[in-house]
Amino acid sequence: MAKENSSHHLAEAKRKRLTWILCVSGLCILSYVLGSWQNNTVPTSSSEVYSRMGCDETTTTTRAQTNPSSSSSDESLSSSSSSLSSSEPVGLDFESHHKLELKVTNQTVKYFEPCDMSLSEYTPCEDRERGRRFDRNMMKYRERHCPSKDELLYCLIPPPPNYKIPFKWPQSRDYAWYDNIPHKELSIEKAIQNWIQVEGERFRFPGGGTMFPRGADAYIDDIARLIPLTDGAIRTAIDTGCGVASFGAYLLKRDIVAMSFAPRDTHEAQVQFALERGVPAIIGIMGSRRLPYPARAFDLAHCSRCLIPWFQNDGLYLTEVDRVLRPGGYWILSGPPINWKKYWKGWERSQEDLKQEQDSIENAARSLCWKKVTEKGDLSIWQKPINHVECNKLKRVHKSPPLCSKSDQPDFAWYKDLESCVTPLPEANNPNEFAGGALEDWPDRAFAVPPRIIRGTIPDTNAEKFREDNEEWKERIAYYKQIMPELSRGRFRNIMDMNAYLGGFAAAIMKYPSWVMNVVPVDAEKQTLGVIYERGFIGTYQDWCEGFSTYPRTYDLIHADGLFSIYENRCDVTLILLEMDRILRPEGTVVFRDNVETLTKIQSITNGMKWKSRILDHEKGPFSPEKILLAVKSYWTGSSS
């Protein structure tokens with residue numbers, strides 16, 4: 001009996017102990033979940049986002065007094081971003097809810113000093129002093145030539161002393177602040193052609209151009225009478241020698257996005273003006289190398305007195321246009337030698353010389369199997385065939401220029417020399433089939449499965465994975481709108497995606513008043529830029545161990561998804577971050593996505609670059625090992641002295 005009572009009491013004690021342990025464990029788990037939920041609550045307003053960064057609204061008045069601008073500029077600022085120049089200490093909670101042992105040591109922040117004001121418009125790989133060391137043949141001296149290790153800068157490129165936040169789109173299409181780009185050269189040199197005018201403390205862009213004195217809008221209307229521009233079949237364009245990109249600016253209202261490019265030459269700051277206007281553009285030149293775009297990228301190519309010698313080198317530059325032009329795409333040429341019978345005296349060239357130039361262009365176009373659509377007034381338009389079925393028969397007879405070898409990679413275009421050969425189109429079964437696959441009209445094109453994916457040319461990527469990527473980006477953008485409410489309100493006009501993959505980010509925000517420069521790193525595992533163009537978006541190749549071909553302060557938002565995991569063992573991460581700072585406008589925003597250890601390393605560097613930042617949880621919650629670093633560049637300017 002005594003044994004039974006003893007056993008009973010022992011069992012009862014065990015039950016009580018087990019119950020107590022379970023209760024305590026349950027309370028611990030509940031406390032953890034509640035704590036995670038409270039700390040991970042997503043901000044619901046822009047003021048809450050930036051208050052978490054330690055900013056306050058009072059600095060708006062302070063900066064307005066020290067850097068006055070008109071009300072139109074003030075309206076272009078969101079109340080949240082205009083408070084980022086606060087010098088108050090920032091008390092941030094960077095603790096991650098995901099338990100991960102970090103190899104981070106306590107180290108003092110390295111603060112980067114501003115560069116000399118003479119470097120305010122520094123473009124690392126298009127430096128004119130460095131360019132003079134190179135051959136002038138085929139404009140090699142104006143191509144990309146990046147600094148050597150002993151020429152690299154470890155300082156912050158300073159904005160001009162009176163820098164103002166640019167006008168908001170669409171007002172920015174027509175106006176820019178003089179203090180942001182203090183160059184009057186074009187307003188004098190191109191005064192008759194209405195490129196740009198100075199009005200007090202701002203520039204005005206009337207929309208004129210060398211070959212469209214009535215304005216780009218009327219010029220595009222003239223083109224639309226000759227080829228279909230508004231039915232969605234033409235979505236991507238390339239404008240060679242773009243000036244201040246008025247052609248691209250007015251194509252946007254027709255749902256056509258143009259990659260405008262021009263060199264950094266005596267026409268100072270052409271591309272800088274274009275980007276200040278909120279128009280896509282990049283520094284570039286038709287020289288000795290391929291353009292940094294994949295094959296079959298553009299529906300339309302345009303040259304309006306772009307000064308490219310199309311007739312030289314056996315039509316070498318036209319064969320490059322042919323490479324990047326989509327099957328059935330158009331090439332538009334206006335300016336010399338077109339309509340030379342009317343203009344030859346004004347062009348100060350002989351009739352014989354101009355006729356010979358036009359004949360050379362016509363012959364080069366025929367050798368590419370292009371069909372001349374029309375020549376009317378100042379415009380000539382050719383069309384590339386939709387396949388090479390008939391062209392291959394002609395090539396067997398004429399041989400010149402020959403087809404490129406099958407081993408040639410038509411999409412590879414990073415530091416690749418031009419060759420005197422025609423890039424062959426993918427095989428077609430009959431004369432009516434679009435080589436490589438037909439594209440949907442815009443806007444259906446954005447979410448239709450791209451032909452490159454259908455044909456299986458992207459490893460381990462199929463239609464199902466493409467759709468999954470789109471759904472994932474819808475979820476991500478919904479989260480971004482909560483942590484950056486300005487995203488959908490036009491605060492960020494010029495956006496760069498540094499590791500664009502399939503272009504899902506650009507597709508998910510296509511209805512916002514923004515455009516995206518989709519960059520595919522040349523070191524990425526999958527080369528997907530061709531897919532991005534097939535979706536109706538634009539972009540370029542880039543090695544992020546080098547500078548990007550743009551001016552300082554040209555992007556409002558930079559997105560970097562997994563980028564530093566690619567480059568952390570290839571080059572100095574600090575240099576990539578300094579390049580991002582050069583590209584980013586004051587009060588611009590950067591979104592990093594990566595593992596916690598990488599983000600913590602990035603943050604330790606950007607803390608010394610006048611940036612404010614905070615690590616946030618993944619959109620799927622605190623248990624994801626991937627996190628988000630949201631950073632904002634402070635407003636500051638260089639010294640006038």
Side-chain angles (χ1 to χ4, degrees), residues 49 81 257 275 278 280 282 446 469-521 523-524 526 528-529 531-532 535 537-542 544 548 550 553-568 573 576-585 587-595 598-599 602-603 605-606 609 611-620 624 626-633:
V49 172
S81 61
V257 59
L275 288 160
I282 194 169
D469 185 72
N470 288 330
E471 291 302 315
E472 183 175 42
W473 274 107
K474 286 180 184 178
E475 182 181 0
R476 288 181 174 185
I477 295 303
Y479 184 63
Y480 286 0
K481 285 169 63 178
Q482 296 178 60
I483 62 176
M484 298 183 294
E486 298 86 355
L487 179 62
S488 60
R489 301 173 186 167
R491 167 67 180 85
F492 308 117
R493 172 63 185 171
N494 299 357
I495 299 177
M496 176 182 287
D497 191 353
M498 296 178 72
N499 186 20
Y501 186 40
L502 299 177
F505 174 68
I509 64 169
M510 58 182 277
K511 292 184 179 179
Y512 300 162
S514 308
W515 64 272
V516 179
M517 178 68 77
N518 294 281
V519 181
V520 173
D523 301 287
K526 298 176 183 178
T528 54
L529 192 56
V531 167
I532 290 170
R535 300 187 70 173
F537 304 111
I538 59 171
T540 185
Y541 295 111
Q542 172 68 18
W544 284 114
F548 191 77
T550 191
R553 303 172 297 280
T554 45
Y555 286 86
D556 304 293
L557 173 66
I558 298 177
H559 187 266
D561 181 6
L563 181 79
F564 289 85
S565 294
I566 298 175
Y567 282 97
E568 62 183 351
V573 168
I576 299 177
L577 291 168
L578 287 170
E579 175 64 1
M580 293 171 73
D581 182 82
R582 183 186 75 87
I583 293 170
L584 193 64
R585 287 172 172 165
E587 300 188 346
T589 299
V590 182
V591 178
F592 300 91
R593 300 181 69 97
D594 226 306
N595 61 69
T598 299
L599 293 183
I602 291 170
Q603 190 179 45
I605 299 170
T606 59
M609 291 167 46
W611 289 19
K612 309 281 175 97
S613 62
R614 179 179 176 84
I615 294 178
L616 302 171
D617 281 323
H618 193 275
E619 61 270 3
K620 293 189 182 298
S624 173
E626 183 181 84
K627 302 295 177 184
I628 295 170
L629 176 62
L630 181 64
V632 180
K633 179 178 175 177

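Not measured: the values here are computed from a predicted model.
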Measure across Leu584 and Lys633 and return the closest heavy-atom pair with its distance rounded to 0.1 Å. O-NZ, 2.8 Å
Rounded to the nearest 0.5 Å, what separation is found between the CD1 atom of Ile282 and the OG1 atom of Thr540? 4.5 Å
Considering residues at least two apart in sequence or located in another chain, which fulfil the side-chain hydrogen bond (donor to acceptor under 3.5 Å, both in side chains) criterion with Glu475? Lys620
Do Glu486 and Thr589 make a side-chain contact, defined as non-hydrogen atoms from C-beta onward lying under 4.5 Å apart? no
All salt bridge (Lys or Arg N to Asp or Glu O under 4.0 Å) counterparts of Asp594, not counting sequence neighbours: none
Answer yes or no: is there a side-chain heavy-atom contact under 4.5 Å between Glu587 and Arg491? yes
Ser488: what forms a side-chain hydrogen bond (donor to acceptor under 3.5 Å, both in side chains) with it, not counting sequence neighbours? none
Return the set of residues passing ring-ring contact (aromatic ring centres under 6.0 Å, His included) with Phe564 (not counting sequence neighbours), or none when no residue passes. Phe592
Looking at Leu599, is its backbone amide N or carbonyl O close enough to the side chain of Lys627 to form a donor-acceptor pair, meaning the two atoms are under 3.5 Å apart? no
As a test of understanding, state which of Leu577, Leu563, Val590, Ile615 forms a side chain to side chain contact (heavy atoms under 4.5 Å, CB included) with Ile602. Leu577
Could you tell me if the side chain of Ile628 sits less than 4.5 Å from the side chain of Glu619, heavy atoms only? yes
Checking side-chain contact (heavy atoms from CB on, under 4.5 Å) for the pair Trp473/Leu502: CA distance, chi angles, key distance, verdict? CA-CA 11 Å; Trp473 274 107; Leu502 299 177; over 6 Å; no
If every non-hydrogen atom of Ser565 is compared with every non-hydrogen atom of Thr598, which pair is closest and at what distance? OG-OG1, 4.4 Å
So which atom in Gly504 and which in Asp469 form the shortest heavy-atom distance, rounded to 0.1 Å? CA-OD2, 3.9 Å
Does Met496 reach the side chain of Leu557, with side-chain heavy atoms less than 4.5 Å apart? no
Return the set of residues passing side-chain contact (heavy atoms from CB on, under 4.5 Å) with Asp497 (not counting sequence neighbours), or none when no residue passes. Ala500, Phe505, Val516, Asn518, His559
Would you name the heavy atoms of Met498 and Pro521 that are closest together and state the gap between them? O-CG, 3.6 Å
Name all pairs fulfilling the side chain to side chain donor-acceptor pair (under 3.5 Å) condition that reach into residues 498-512, sequence neighbours left out, sorted by first residue then second. none
Should Leu630 and Arg614 count as side-chain neighbours, where that means a heavy-atom distance under 4.5 Å? no
Please walk me through it: do Ile495 and Trp515 pass side-chain contact (heavy atoms from CB on, under 4.5 Å)? CA-CA 6 Å; Ile495 299 177; Trp515 64 272; over 6 Å; no
Taking the side chain as every heavy atom from C-beta outward, state whether Arg593 and Glu626 have any atom pair closer than 4.5 Å. yes
Give a yes or no answer on whether the side chain of Arg535 reaches the backbone of Ala446 with a donor-acceptor pair at less than 3.5 Å. yes
In sequence, state the C-alpha distance, the side-chain angles, and the governing distance for Lys526 and Val531, and then conclude on side-chain contact (heavy atoms from CB on, under 4.5 Å). CA-CA 11 Å; Lys526 298 176 183 178; Val531 167; over 6 Å; no
Which residues share a side-chain hydrogen bond (donor to acceptor under 3.5 Å, both in side chains) with Arg493, sequence neighbours left out: none
I'd like to check the side-chain contact (heavy atoms from CB on, under 4.5 Å) partners of Thr550; sequence neighbours left out, ordered by chain and number. Leu275, Phe548, Thr554, Tyr555, Arg582, Ile583
With Asp523, which residues qualify under side-chain contact (heavy atoms from CB on, under 4.5 Å), at least two apart? Asp543, Ile566, Tyr567, Arg570
Take Met580 and Met609 through the side-chain contact (heavy atoms from CB on, under 4.5 Å) test and state the conclusion after the steps. CA-CA 11 Å; Met580 293 171 73; Met609 291 167 46; over 6 Å; no
Whether the side chain of Ser613 engages the backbone of Gln603 through a donor-acceptor N/O pair (distance < 3.5 Å, no angle test) should be reported. no
Lys474: partners by side-chain contact (heavy atoms from CB on, under 4.5 Å), with sequence neighbours left out: Glu471
What residues form a ring-ring contact (aromatic ring centres under 6.0 Å, His included) with Phe537, not counting sequence neighbours? Trp442
In Å, rounded to the nearest 0.5 Å, how long is the span from CD of Glu568 to CD1 of Ile576? 10.0 Å
Can you list the residues that meet the side-chain hydrogen bond (donor to acceptor under 3.5 Å, both in side chains) rule with Trp611, with sequence neighbours excluded? Asp581
